[in-house]
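I have placed the structure first, in the form of structure tokens, so that the comments after it can refer back to it.
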Amino acid sequence: MRRPRRNRSSAAIRNLAQETTLTTNDLILPLFLLEGKNKKTEVDSMPGIFRLSEDLILKEIEECLNLGITGFDIFPVVDESYKDKLATKSYDPDFFYLKSLAKIKQAFPEAFVITDVAMDPYSSDGHDGIVENGQILNDETLEVLGKMSLAQAETGIDMIGPSDMMDFRVGYLRNVLDENGFQRTGIMSYTAKYASAFYGPFRDALNSAPKFGDKKTYQMNPANSEEALLEAQLDFQEGADILMVKPALAYLDIIKKLKENFSIPIAAYNVSGEYSMIKAAGEKGWLDPNATMLESLLSIKRAGTDMILTYFAKDAAKIISQ
Ligand code: PBG
């Protein structure tokens with residue numbers, strides 16, 4: 001008689017028969033960078049996650065490298081006074097984000113540093129593109145994203161992460177990088193980025209919520225899955241090195257679909273709201289936060305991702321590397 005329980009009968013056979021294993025090689029830690037020195041502020045809606053100034057981010061990265069985490073995605077926290085309609089600070093070479101990226105790469109050449117390409121952290125409208133009469137302009141936005149990407153590439157970072165969802169930005173940015181001698185700078189495209197309520201805590205962290213309306217004219221409808229294939233086909237043709245699905249847990253089917261259809265690595269972004277739910281329930285004692293964290297990350301990997309951007313990277317690495 002076939003008895004599936006035989007392969008579950010001891011820890012040894014369970015480990016031998018295990019199909020998916022999470023390792024620190026799978027993890028990318030998103031970090032929030034503050035201007036200034038010795039500054040550290042906790043994100044209210046993300047317990048345990050801090051906005052850090054450059055000196056403290058350098059320490060954080062060193063600690064992570066020691067834990068075996070080698071991927072970092074760095075987001076700037078931009079003061080309201082720097083914001084304008086055209087996100088001009090995003091490509092000002094004197095702006096703290098760009099200066100810190102260069103310092104980080106100099107200090108840790110072995111770290112894989114990914115940047116964020118989108119207008120929202122720098123935009124007085126809080127949108128990922130240029131706003132005109134309530135509309136988000138596509139092709140005009142590409143020009144800003146091009147300048148932003150080039151300025152970031154010049155700092156020596158490894159990969160840009162366009163998170164804006166404008167049409168044709170991957171092809172446009174690939175051209176800008178290539179024409180300027182940055183053939184080696186990669187593109188991790190936010191390919192299937194859904195208009196999700198799970199981004200709430202991130203917008204608190206960056207104070208980057210839209211000042212009006214929502215992001216539904218550029219981010220994808222959560223009801224759609226075929227459309228993710230279309231976005232992935234375009235990003236693949238346009239030259240993306242990695243395709244990302246975001247959020248992760250409510251979109252495991254999308255991860256699987258992209259993995260089955262494309263021959264380049266797939267990333268998933270286990271977003272802020274997914275982090276906060278587990279942390280909040282853990283604080284209340286309603287569930288075991290570490291066990292639910294590991295189970296969630298494992299499920300994202302099982303669905304087919306090659307890498308996971310997660311605020312849990314450090315917590316998970318501490319447990320995995322034991
Ligand atoms: C914006 C951006 C967002 C996130 C990453 N880049 C939020 C948004 O689209 O409004 C969300 C990440 C998270 O929730 O952890 N370009």
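Start at 1 and go down the list; that is how both ligands and their atoms are numbered. All values derive from a computational prediction rather than experimental measurement.
When Phe202, Tyr199, Phe198 are checked for heavy-atom proximity to atom 3 (C) of ligand 1, Phe202 turns out nearest. Considering Phe75, Phe32, Tyr311, Tyr194 only, the shortest heavy-atom separation from atom 15 (O) of ligand 1 involves Tyr311. Evaluated by nearest non-hydrogen atom to atom 11 (C) of ligand 1, the leading choice among Lys215, Gln219, Lys246 is Lys246.
Residue contacts with ligand 1, taken as heavy atom pairs separated by less than 4.0 Å, involve Asp120 solely via side-chain atoms from C-beta onward. Only the side chain of Ala118 comes within contact range of ligand 1, with a heavy atom under 4.0 Å; no backbone atom does. Looking at Asp128 against ligand 1, only its side chain comes within 4.0 Å, counting heavy atoms.
Between Tyr275 and Phe312, the ring-plane angle classifies as tilted under the 30° and 60° cut-offs. Note: His127 and Phe212 have tilted aromatic rings, judged against thresholds of 30 and 60 degrees for the angle between ring planes. Between Tyr311 and Tyr269, the two ring planes are tilted [angle within 30° to 60°].
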Report, one line per pair, each donor and acceptor closer than 3.5 Å where one atom sits in a side chain of residues 65-72; sequence neighbours left out.
| residue | atom | partner | partner atom | Å |
| --- | --- | --- | --- | --- |
| Asn66 | ND2 | Glu62 | O | 3.4 |

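Other residues sharing the hydrophobic cluster of Leu230, ordered by chain and number and joined by side-chain separations under 4.5 Å: Leu234.
Nearest protein heavy-atom neighbour of atom 14 (O) of ligand 1: Ser272 OG, 2.7 Å.
Atoms of ligand 1 found under 4.0 Å from any heavy atom of Ser163 (numbered from 1 in listed order, with element): 1 (C), 6 (N), 16 (N). Of all the atoms in ligand 1, the ones that sit under 4.0 Å from a non-hydrogen atom of Tyr269 are 12 (C), 15 (O). Atoms of ligand 1 found under 4.0 Å from any heavy atom of Lys193, numbered from 1 in the order shown, are 1 (C), 2 (C), 3 (C), 6 (N), 8 (C), 9 (O), 16 (N).
No more than 12 heavy atoms of other residues, nucleotides or ligands shown are found within 6.0 angstrom of NZ on Lys256.
Using a 4.5 Å heavy-atom threshold, the side chains of Ile74 and Leu101 count as touching.
Checking only distances, Tyr190 never comes within under 3.5 Å of ligand 1, N or O to N or O.
Between Asp55 and Ser53, the side chains place a donor N or O and an acceptor N or O closer than 3.5 Å (distance only, hydrogens not considered).
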